[in-house]
Amino acid sequence: MKVPVAPPRRLVEVEIDGRSVRVPEGSTILQACRAEGIETPTICYAENLTPVNVCRVCVVEVEGARALVPACSRTVEPGMKVRTDTERVRRSRRLVLEFLASSVDLSLAPDLHRWQEVYEAHPERFGALMEPAAEGERDGREPGRHVPVEPGTAETVAQPVKIDNDLYVRDYARCVLCYRCVEACGDDAQGTYAIAVAGRGFDARISTEFAVPLPESACVYCGNCIGVCPTGALMFKTEHDLRREGRWDEARQTVTTTVCPYCGVGCNLELHVQDGEIVKVTSPADHDVTSGHLCIKGRFGFTFTRA
Amino acid sequence: MSASPSDVERAAVDAVLGPPGDGDGRVVRGGREVRGRRHLLLPALRALQARAGWVSPGGLAYVSERLGVPPAEAYGVASFYAMLSTRPRPPAVLHLCEDLACRLAGAEELAAELERLHGPEGEDRDGRTWLRSPCLGLCERAPAALAVHAGERPREVACAPLGQTELAAFLAGGDVDGGVGPAPISAPQTADPEGWASLVLLRRVGRVDPGSLDDYRAHGGYEALRTAVALGPQGVIRELKDAKLLGRGGAAFPTGLKWELVAQQPVRPHYVVANADESEPGTFKDRVLMEHDPFALIEALTIAGFTAGAERGYVYLRGEYPHAFEALERAVAAARARGFLGPDVMGAGFAFDIEIRRGAGAYIAGEETALFNSIEGRRAEPRNKPPFPATHGLFGKPTVINNVETLVNVLEVLRVGGPAYAEVGTAESTGTRLFCVSGDVGRPGVYEVPCGTHLAELLTLAGGVRGGGRPKAVLLGGAAGAFVGPEDLELPLSFESAREAGVTLGSGVVMVFGEGADLVDAVLRIAAFFRDESCGQCVPCRVGTVRQEEALRRLASGRTLGTREDELALLADVAQVMRDASICGLGQTAANAVWSAISRLGVFG
Amino acid sequence: MFGAGGGTSSYEEVEHTDLIVLWGSNARETHPIFFHHVLRGIRNGARLIVVDPRRTSSAAWADLWLGIDVGSDIALANAVGREIIVNGLHNETFIERATTGFEAYRDSVMEWTLERAERVTGVPAAAIRELAHAYARADRAILCWTLGITEHHNAVDNVLALINLGLLCGHVGRYGSGLNPLRGQNNVQGGGDMGAIPNKLPGFQDIERDAEARARFEAAWGVPIRPRYGWNITQMFEAMERGELTALYVIGENPAVSEADAGRIKRLLASRETLIVQDIFMTKTAEMAHVVLPAAVAAVESEGTVTNSERRVQRVRKALDPPGNARDDIWIIAQLAKRLGFDWGEVTPRSAWDELRSLSPMHRGMTYERLEELGGIQWPCPSEDHPGTKFLHARLWEEDPARRGPAAPFSVTPFEPPVDELTEEFPLRLTTGRRLDSYNTGVQTSRYRSPLRLGGAIEVSPEDAERLGLREGEVVRVSSRRGSVRAPVHIDRGLRPGLVFMTLHHPEEVETNLLTIEATDPKSGTAEFKAAAVRIEKLPAGGAAAGGS
Ligand SMILES: Cc1cc2nc3c(=O)[nH]c(=O)nc-3n(C[C@H](O)[C@H](O)[C@H](O)COP(=O)(O)O)c2cc1C
Ligand code: SF4
Ligand code: SF4
Ligand code: SF4
Ligand code: FES
Ligand code: FES
């Protein structure tokens, strides 16, 4: 077969925490760390998306670099000396986690709870949390101006959940602004660009044009944004409703991998079933056909099995 | 979203993008060709703003359609810039500077006056309103404002100093003509024949007609380009290296090396960019150069293009600089008409042309990679580095980007030669520098002095502290810089001495705080500035600037969480994560001035 | 193609090619995740050219869109072929080595000058030329088509006309170059693989010509196999009309709605002596049946395999128990066999699959374990140490003639216009297609609440709407030579004057197939859904709701 063989990748030798490690050229520091079994927290990084390196929780110290370096996107160079557990690294990771936990509802992001424990984060030290913003208030904030909160309270992104269609909800009080949904909706998968980051600074937010409801936007309900959201900010309506009724129970769920019953592309589906109902659908991020992404039919078109 | 544009909005956009194609219903050429025009997004949005006073849903939808930019992304861009409004805004807006130098000159009193006479910020009365603004780059004439009139004949006028007359005229519904237009008063040395003789960068300021190419040439203009052509690109790079010219934009990177790196890249095309975003509070030197000697920038950028192998150059000009824009635009047209720009520059056999791109109110857009994104029609969010601009710059291509002052220095390097240039200044900081002296001084303005001049000398040159005596503090380098106290006045103004003293000269800001100045107020303003100007991309800066301002407000109000020491420890933590883990220089320096005020001046002590 | 019927390339190759041509395919909506691979290709620098009567959402990504007249694809393809040949851009080495019939093909396309093609297709000559040159000059090029090519009375010739272009430029059999039909349904490819087509045994082994294969199956099944091709669906209905076909067993199809000229089809179905329907829903066809066998939902309620458009065989698994008395298709068929006197013992999806592997060489290496481990395998996969095949026909590039195998034939593909002619009485060209959120006749997709749902509608160009005085949402009468329906108007800027569009998704609202023409391709049995002649009439004020009439 004339399958073009990629030129063989050379190995690069780097030092991580004093240990010498050989990894293929072009690997990221994160990949090198993972290959070495060094646990590294990540939030904005996802294996099926281009790294945007915005959350900064994965930072490491690289000898010779003035600032810390994001492990998820920086590629290794021969002779690079990396330290992952210095006081500086720990402090930055702790602060990033404190910043997020003090401004965003992370209750549906179990990974981040664990990391907060590991890094001894104390988000409460920034003061009492601000009252949630009124509906739409954050969507209307203008760049370059802000009203400071009362001394003693900490500003947050708390706001009401957006429910504007029957398929999924957007609860931006849980949004850490990791850009993953924007990437999945845009360049990295769907190419629909229904949502983007709007506004600036702390008032930056994921938004449609003029914050119109999804049915008035370009959204095609592929749910690929839901598939990559790390905090539960984007959620199947089915899951949202079950949670609200207190009936969501992952312990009672099974996940079955199958192939989408619609068009001929052959997308892998993971059907999450609770009490004989399909409650949500995902796709494996490492599958060649989908890379974890689906269309509206595969994502939401399963309810017919129980109509 | 299916809003439709009004006829005037359509016309305003078409004026930027050209008339829409006919499309015969049988063939459409799209894809790359359409997406390749995305860089026209910001100009088109600016045109809507200028015509309609805001970017309406219909207007945005039309721009989106014309450029193939998805509406959500176009909205993401429109909502990034403070001078664009995505909500209806009255056509006449007075942008009142509330930043450091203007506060010292009574900006808050003006704001109170406006509130009393007009009503709260943003309120529409008879199609006019006022809004607070960060530093407008008019600090030498504080307090300052920028009057913007949207409509059929859009106008933008700098009003500084903003006196009662101008204010009253604006509120009465009249046109504000600014009274004091661009004037050499901004560079007091040029008015004094003795001082003038020693000037290099300011030599033509106030002496040459900024609208006349011939006058420019009569004052030595385009001699440097001729020299460059004679030397060839390698020769120019050698002179720059011999001159040891360091960038004046803040990072002090060697200019010769930067040009050489780009010239060597095999990937084409190359670009050169003049960073004229000048938004660091307290900075106005580039504005003075561009308003009074625009051809100098054009000539210097042409030399950069010739040397780095670029056929296209951009000037990214701060959105709030209407007069510099007019001067540059006129100059570019004149240079083009005379063959100093175009397919065969000066008959020397190389092509080069310049486009001026205007920002729209975002300090972060001055960060070089954010600036590229802004030109490309994206949100002005900085990119992670590496890769660096020399390999992946504008449109992903090798790019030289320099500060305006850096570029103008190149003319002098070529005029006297690298080694002679290096004889001025100190061993590591060669040549002269422009300092933007403002605040409580006798004669605020742009001053040119050899690198290494002592701070005290500079202050003397500028007429000393207003009211006499010693300053309470001097802010060096702007909001991203640091405060020094009266004991530091002997500091030599060179890169190496600043580094040693743990401060930075940044963009040349020297802002003087006299005895009566309220430093707590200044510190709170700086914190608010960073909170407003953070692009919001990375967590350390997005949340850190908020937590920093909150802690400072608690300290200022006396309502601390725990002890004062607890708050200072918290601030130190916040400062460190911003410095260590932010993506770009904004977050990395957002705690500098604040922290220097605490540690050096004992504010909150 | 030249043997086994399947797309020659992998999705992955679309990401690494230089030119992607979507011909009669709105993959953006009909194959959304395939289109993700196209988008990655575009991002990696590939150009995209779309040939489609409508300016679709796929065309929105195209560097060049050619708005062809419905049913004139062969004219366009032949003109492209001619343009390539007369400019000497064809791949002489490949043609010489690996193909037959070039001279006849060349002679046949010579009449298709750009000017003539422009007159017939409506596409300006310059654009045809651009397509020809782009395709021929690309180092790698992938050509894909869907129902826009196959739902015509001359479907097979349409496909052959495109294959000719691939052969002409050698754009087949190499990584990043290929010819790909995108399968409209989840297991169309798998059905073909399994022999659910009139002329093949499982594994694309010819029932008439491959005696050796026949013998293998006879030995395994213990029954003789008649070496005769069966009927395709159109031929079946013709046989019904002739009275030769009296009993019909329909599994998972809804011909009462999905076939063209629905009035006639319903009449024929209703008059069968025996009509058995096995389906997961009580479809329109099931409502007419004498016996309905409730089936489990493949891919959700049962186990097995499916094959996708890149020939990848993948496992489907049971996530839910089927409701009530519904049963697995395999179980139902085995029980039926038992009642008819054939006891196959316990048939499981896996035992059926293993039997296939023993009889179909191209499936032999695909054990359930390997399918699991590798996330699916692309056929052919002849042995258990074979990784599967990324792209077909690499053999055509072999230097050794023995390994090169049989040459690929050019075909002469004469142009015939659509059967349903446009006249003054029926001046509008109706074409049909699918929308992103819906699927076929909508029995499955109409049950979830898609915010995108447009419902049954007649889509018209802004120009026609203006000319006929139609408003968005206004209900009008649409009539063809066969029938007439009422439908609300939807104005679509992607349509040009003279072209109107409907889907088949909402038969309960608008029975589109009352309008379509039954003229079918004798070779494939596909009806000409894509080209009917219609007229639109305004209803008197206060006209009734949408529906059939
Ligand atoms: C937040 C931020 C804002 C900046 N703004 C400017 C600016 O307005 N003008 C400028 O020349 N450089 C600015 N810079 C520095 C540029 O990133 C870059 O270093 C400079 O343009 C390089 O030019 P030079 O080598 O001539 O100094 C800014 C940097 C940061 C981090
Ligand atoms: S559902 Fe799909 S199209 Fe809609 S916002 Fe999410 S990713 Fe974008
Ligand atoms: S909604 Fe979810 S995926 Fe999107 S930015 Fe917020 S946290 Fe990230
Ligand atoms: S440091 Fe601040 S301005 Fe810079 S990228 Fe991060 S959020 Fe944006
Ligand atoms: S995971 Fe690396 S920056 Fe977010
Ligand atoms: S113009 Fe007001 S501070 Fe600079």
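Every chain is numbered from 1, with letters handed out A, B, ... down the list of sequences. Note that this is a predicted model, so its numbers are computed, not measured.
- Counting heavy atoms of neighbouring residues, nucleotides and ligands inside a 6.0 Å radius, atom CD of A:E135 does not exceed 12 of them.
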**Request:** For side-chain contact (heavy atoms from CB on, under 4.5 Å), just list the numbers for C:R312 and A:D288, CA-CA rounded to whole Å, side-chain angles, deciding distance to a tenth of an Å, and then say yes or no.
**Result:** CA-CA 11 Å; C:R312 185 191 293 262; A:D288 293 345; 3.7 Å; yes
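- Distance check, rounded to the nearest 0.5 Å: CZ of A:F300 to CG of C:L452 gives 10.5 Å.
- Side-chain atoms of A:V289 and C:E310, non-hydrogen and from C-beta on, do get closer than 4.5 Å to each other.
- Heavy atoms closer than 4.5 Å to chain C are found in both the backbone and the side chain of A:H293.
- Evaluation of the salt bridge (Lys or Arg N to Asp or Glu O under 4.0 Å) rule for C:D139 yields no partner, not counting sequence neighbours.
- Between the OG atom of A:S283 and the CD1 atom of C:I33 there is a distance of 8.0 Å, given to the nearest 0.5 Å.
- Other residues, nucleotides and ligands contribute more than 12 heavy atoms inside 6.0 Å of the CZ atom of A:R252.
- With hydrogens and angles disregarded, no donor-acceptor distance shorter than 3.5 Å links the side chain of A:T256 to the backbone of C:R317.
- Between the side chain of C:Y11 and the backbone N or O of A:V265 there is at least one donor-acceptor pair closer than 3.5 Å.
- At least one donor-acceptor pair closer than 3.5 Å links the side chain of C:S309 to the backbone N or O of A:G264.
- Residue contact with chain C, scored on non-hydrogen atoms closer than 4.5 Å, involves the side chain of A:N268 exclusively.
- With chain A as partner, the option from C:H16, C:R315, C:E13 having the largest number of non-hydrogen pairs under 4.5 angstrom is C:R315.
- When all heavy atoms of A:Q190 and C:R28 are compared, the closest pair comes out as O-NH1, 2.8 Å.
- Contact annotation: the side chain of C:H36 approaches that of A:N224 to within less than 4.5 Å [non-hydrogen atoms, C-beta and beyond].
- Residue C:E29 touches chain A through its backbone alone, counting heavy-atom pairs closer than 4.5 Å.
- The side chain to side chain contact (heavy atoms under 4.5 Å, CB included) check on C:E369 picks up C:R350, C:T367, with sequence neighbours excluded.
- Atom CD1 of residue A:I296 and atom CZ of residue C:R435 lie 12.0 Å apart, to the nearest 0.5 angstrom.
- For A:C295 against C:L436, the heavy-atom pair with the smallest separation is CB-CD1, 4.4 Å.
- Annotation: residues 160-183 of chain A contacts chain C through A:N165, A:D166, A:L167 [non-hydrogen atoms, separation under 4.5 Å].
- Between A:S291 and C:R40, the closest side-chain pair of non-hydrogen atoms falls below 4.5 Å.
- Heavy atoms of C:H37 lying under 4.5 Å from chain A belong exclusively to its side chain.
- Proximity of A:Y221 to C:P451: side-chain heavy atoms (C-beta onward) are separated by under 4.5 Å at one or more points.
- Contact tally against chain C (heavy-atom pairs below 4.5 Å) for A:L269, A:T257, A:T254, A:T290: the top residue is A:T257.
- Minimum heavy-atom separation, A:K297 to C:P32: NZ-CG, 4.2 Å.
- A:C219 touches chain C through its backbone: at least one of N, CA, C or O sits under 4.5 Å from a heavy atom, while the side chain does not.
- Among residues two or more places apart in sequence or in another chain, the salt bridge (Lys or Arg N to Asp or Glu O under 4.0 Å) test is passed with A:E250 by A:R243.
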**Prompt:** For C:T305 and A:V259, what are the C-alpha separation, side-chain angles and deciding distance, and is it a side-chain contact (heavy atoms from CB on, under 4.5 Å)?
**Reply:** CA-CA 9 Å; C:T305 61; A:V259 176; over 6 Å; no
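- Contact annotation: the side chain of C:R449 never approaches that of A:K237 to less than 4.5 Å [non-hydrogen atoms, C-beta and beyond].
- Minimum heavy-atom separation, C:L320 to A:G276: CD2-O, 3.6 Å.
- Both the backbone and the side chain of A:T192 come within less than 4.5 Å of a heavy atom in chain C.
- Looking at A:V273, the atoms closer than 4.5 Å to chain C (heavy atoms on both sides) all sit in the side chain, from C-beta outward.
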